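These notes are about the structure you will find just below.
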Amino acid sequence: MDDRSTDSDRGTDGERSILDTLGEDIIRIVTPVSLCMLLVVLLVSSLSSTNDLSSSISSLFLSSQPSSLSSPNLLGSDSTWEEIKSALITAFSFVVVVTLLTFLLVLLVYFRCTNFLRIYMGISSLFVLSFLGGFISLLLISYFKIPIDPFTFAILLFNLSVIGVFAVYMSKFPISMNQGYLVTIGVLTAYWFTMLPEWTTWALLIAMSLYDLAAVLLPIGPLRLLVELAMSRNEEIPALVYEARPVDPQPGDRIRVWRERTDVRIDATENSTNLANVQPVRETRLVVSEEITAPLIETFPQTSDRQLGSEEEEGEGIGLSLSGAIKLGLGDFIFYSVLVGRAAMYDYMTVYACYLAIIAGLGVTLMLLAVYRQALPALPVSIMLGVVFYLLTRVLLEVFVVQCSSNLLMF
Amino acid sequence: MTVAAGLGYVLIALGPALSLFASVIAKKPFLILTLLSSTLFWLISLIILAGAWRSFLPVKSTELWPYSILILTSVGFQEGIRIVFWRLFKKMEDMLNAFADRVSKPRLFLTDKMLLALAGGLGHALAHAVFFCLSLLTPAFGPATFYVDKCSNIPFFLISAIIALGFVIIHTFSMVIAFNGYNEGKRSDQIFVPFAHLIAALITLINLVPGGCNIGLPLLCIMAGTTLYYSWRLVWRRLTEHQTTRSSD
């Protein structure tokens, strides 16, 4: 199979091949996801050694579970079963709460209370940035022994949080600040979630991915209703969404294909004794405009749906780098990072395996989107692949690799 | 031995790979995607191998033969999977060419194909280095170091970093050689790659003998150099041939 005959005549060195620009948009979305995961892994691995504050928070979560775990169990197998039971109950109640709140969101959007939603989400991101950010900064300061006085810290925190809220919600801000603050919010929330006990985290991840699958694909699913509402009204719902490229949404845009997710965070304050005290904090969405095609699928974007970004070259026909940008909801960032952070608490080998699995799942989801051209959930494929790879690595690969490497045998 | 030493070991194992990545692969997004999928593919091959060997591990004996069977089966499996990898690659090339035709851009050049092969090989190398070396380097960032009995004059981390470096070079460039060999149908290239892989893996068997790593490590580096030289000669020959055929049209 001599491939000399298939080489086209290469002109001057300036001629570009398709390899130069293909896949640009996927990389633009993979990079911030990877960065978020890296920061969460670094936080987890450096802060897990300072056990006083974070372990007290963990025990807070444990004591707030509706089960009899407040007294330490002396029988090993019993406590595992108890943990699994409480984890399942926690995950189930979380999913129920998320479903109810998403339906509430659908109602609010139906009655056109978008202003209320905007203000609410502004307050919730302020909360995340200032309280969670302050808490984690305090942990970092105590771990790295950074000399800083309370007043400077308070001023810095206040300023950074307020700018963060503006950066996330006002479209006139530079896009890099917007992206940076979204990644920060994702990192903070994901780190908070990794403080949950182990079985609870895994049960929660699996439950949320199943919920995502059901909510987007079933006809009565709340996210699908939201998608149809937004499409029928042709308007943008306020959300925390990461845009891979600067896009100016204008009122008349025909954005067809949406993927949406709603995320709710459990707010466990000192006074909460059970999980009924939850607060809907933030909604996130994954929105993909129709022009996105994966490079290996032969669907060609329709030129009629091009957005009004005039800086884009209309003649350039390469699939992913058209004017439509990929947008990924912040909840997806958060749950990917939670999975990787939890893998980091075991060993770095699981981190690498889960990272590859999640990126593969993200790629598969994007390609499925290009093929099916309808609203698709972003969580299930990645989380399922991540969990499978975590189990396989922990059970199979680690023993094999340690056996080989400790004898200095490699292949 | 502190963060500096840990970082040093990481850079020993992955330095060339990192510079290859930064200078060649990071410029074209599609190559990054190829790298990631290739790493995933070879990770899956490692997991399958680990699954197949799970019931026989941990090998408690200090005899040579269980380990040699381990090495032989693993290398054989990986070389077999390489052919599967090549077939997937050909399919991807066909899809890319069809896409290029549709958007009326030129089809894949020879250098493009070689770059894709390089990215695939680097993915294999990364999978090896990350899982055999990096994941065990976590204690190296702490305050102490570790020595193995059989090789007590060099820290364990340094040995595994150097072995990983050798294998990074071998894997990256043998993928280039292998793809060229399969494309052209040249027997010598096709035989060279499994052969080199096998010899390199068998060299690490020398490490089982006490004091063997003093011989094993240099031999491995020689093997890596051989692969590098072979791949360089191959690429040079192909590029000059391609140049002359084009200019003679």
Side-chain angles (χ1 to χ4, degrees), chain A residues 1-4 6-11 15-28 30-31 45 295-298 300 316-321 347-353 356-357 359-360 363 389 392-393 395-411, chain B residues 28-33 36-37 39-40 43 46-47 49-51 53-54 57-59 67 71 74-75 78 92 95-96 98-100 102-103 105-110 112-113 115 128 130-132 134-136 138 148 150-151 159-160 163 167 183-185 201 204-205 207-208 213 242 245-246:
Chain A
M1 216 198 289
D2 192 333
D3 60 351
R4 259 181 263 174
T6 59
D7 290 335
S8 60
D9 39 41
R10 177 113 187 239
E15 190 172 322
R16 287 148 58 96
S17 74
I18 57 170
L19 220 54
D20 285 340
T21 45
L22 208 55
E24 223 171 5
D25 273 358
I26 299 188
I27 293 298
R28 262 190 238 265
V30 162
T31 314
S45 46
L296 304 180
I297 315 291
E298 19 64 59
F300 193 69
E316 192 108 37
I318 298 190
L320 284 177
S321 61
D347 190 29
Y348 274 142
M349 204 184 293
T350 43
V351 168
Y352 301 127
L356 286 171
I359 299 291
F389 269 74
L392 284 178
T393 307
V395 168
L396 295 179
L397 191 62
E398 194 182 358
V399 175
F400 183 70
V401 167
V402 167
Q403 170 87 70
C404 285
S405 302
S406 53
N407 287 311
L408 298 176
L409 275 181
M410 302 196 193
F411 53 88
Chain B
K28 305 196 186 220
F30 193 73
L31 289 178
I32 305 182
L33 291 175
L36 286 172
S37 7
T39 313
L40 183 73
L43 166 64
L46 279 176
I47 290 183
L49 271 175
W53 271 94
R54 180 69 175 92
L57 294 174
V59 177
Y67 296 113
I71 295 267
S74 312
V75 171
Q78 282 207 326
M92 184 183 72
M95 283 200 269
L96 279 179
F99 183 75
R102 232 201 346 270
V103 297
K105 283 232 164 184
R107 301 186 123 202
L108 288 178
F109 303 125
L110 177 65
D112 284 341
K113 294 187 193 173
L115 278 176
H128 174 97
V130 160
F131 287 97
F132 277 100
L134 271 189
S135 44
L136 301 170
T138 323
V148 194
K150 301 201 182 79
C151 202
I159 305 174
S160 76
I163 296 181
F167 271 105
N183 275 338
E184 282 189 296
T204 59
L205 269 181
N207 294 332
L208 281 176
C213 59
H242 180 66
T245 30
R246 242 187 351 102

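In the text below, chain A, chain B and the rest are named by the order of the sequence lines, each starting its count at 1. Given the structure is predicted, the values throughout are model-derived calculations rather than measurements.
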Reference residue L408(A); test side chain to side chain contact (heavy atoms under 4.5 Å, CB included); the match among L205(B), T204(B), N207(B): N207(B)
Using 0.5 Å steps for rounding, measure from the CG atom of L136(B) to the CE atom of M349(A). 5.0 Å
Which bit of S37(B) comes within less than 4.5 Å of chain A, counting heavy atoms only: side chain, backbone, both or neither? neither
Roughly how far, to the nearest 0.5 Å, is OG of S405(A) from CD1 of I163(B)? 8.5 Å
Within this structure, what is the CZ-CZ distance for the pair F132(B) and F411(A), rounded to the nearest 0.5 Å? 4.0 Å
Side chains of R54(B) and V399(A) in contact at under 4.5 Å (non-hydrogen atoms): yes
Most heavy-atom pairs under 4.5 Å with chain B, out of G363(A), A353(A), S406(A), A357(A), belong to A353(A)
Does some side-chain heavy atom of S74(B) sit less than 4.5 Å from a side-chain heavy atom of F400(A)? yes
Chain A heavy atoms under 4.5 Å from L36(B): which part of the residue, side chain, backbone, both or neither? both
How long is the span from the CE atom in M410(A) to the CZ atom in F167(B), to the nearest 0.5 Å? 8.0 Å
Any side-chain heavy atom of L43(B) sitting closer than 4.5 Å to one from L397(A)? yes
Between L31(B), I71(B), V130(B), which has the largest tally of heavy atom pairs under 4.5 Å with chain A? V130(B)
Can you tell me which portion of T350(A) sits under 4.5 Å from chain B's heavy atoms? Options are side chain, backbone, both or neither. neither
Chain A heavy atoms under 4.5 Å from L46(B): which part of the residue, side chain, backbone, both or neither? both
Looking at Y348(A), is its backbone amide N or carbonyl O close enough to the side chain of S135(B) to form a donor-acceptor pair, meaning the two atoms are under 3.5 Å apart? no
Let me confirm one number: the CG-OG1 distance from L356(A) to T39(B), rounded to the nearest 0.5 Å. 6.0 Å
Mind checking what makes side-chain hydrogen bond (donor to acceptor under 3.5 Å, both in side chains) contact with Q403(A), not counting sequence neighbours? none
Would you say N407(A) and K150(B) make side-chain contact, with heavy atoms under 4.5 Å? yes
Report which part of D347(A) has an atom under 4.5 Å of a heavy atom belonging to chain B: side chain, backbone, both, or neither. side chain
With L392(A), which residues qualify under side chain to side chain contact (heavy atoms under 4.5 Å, CB included), at least two apart? V388(A), L396(A), I47(B)
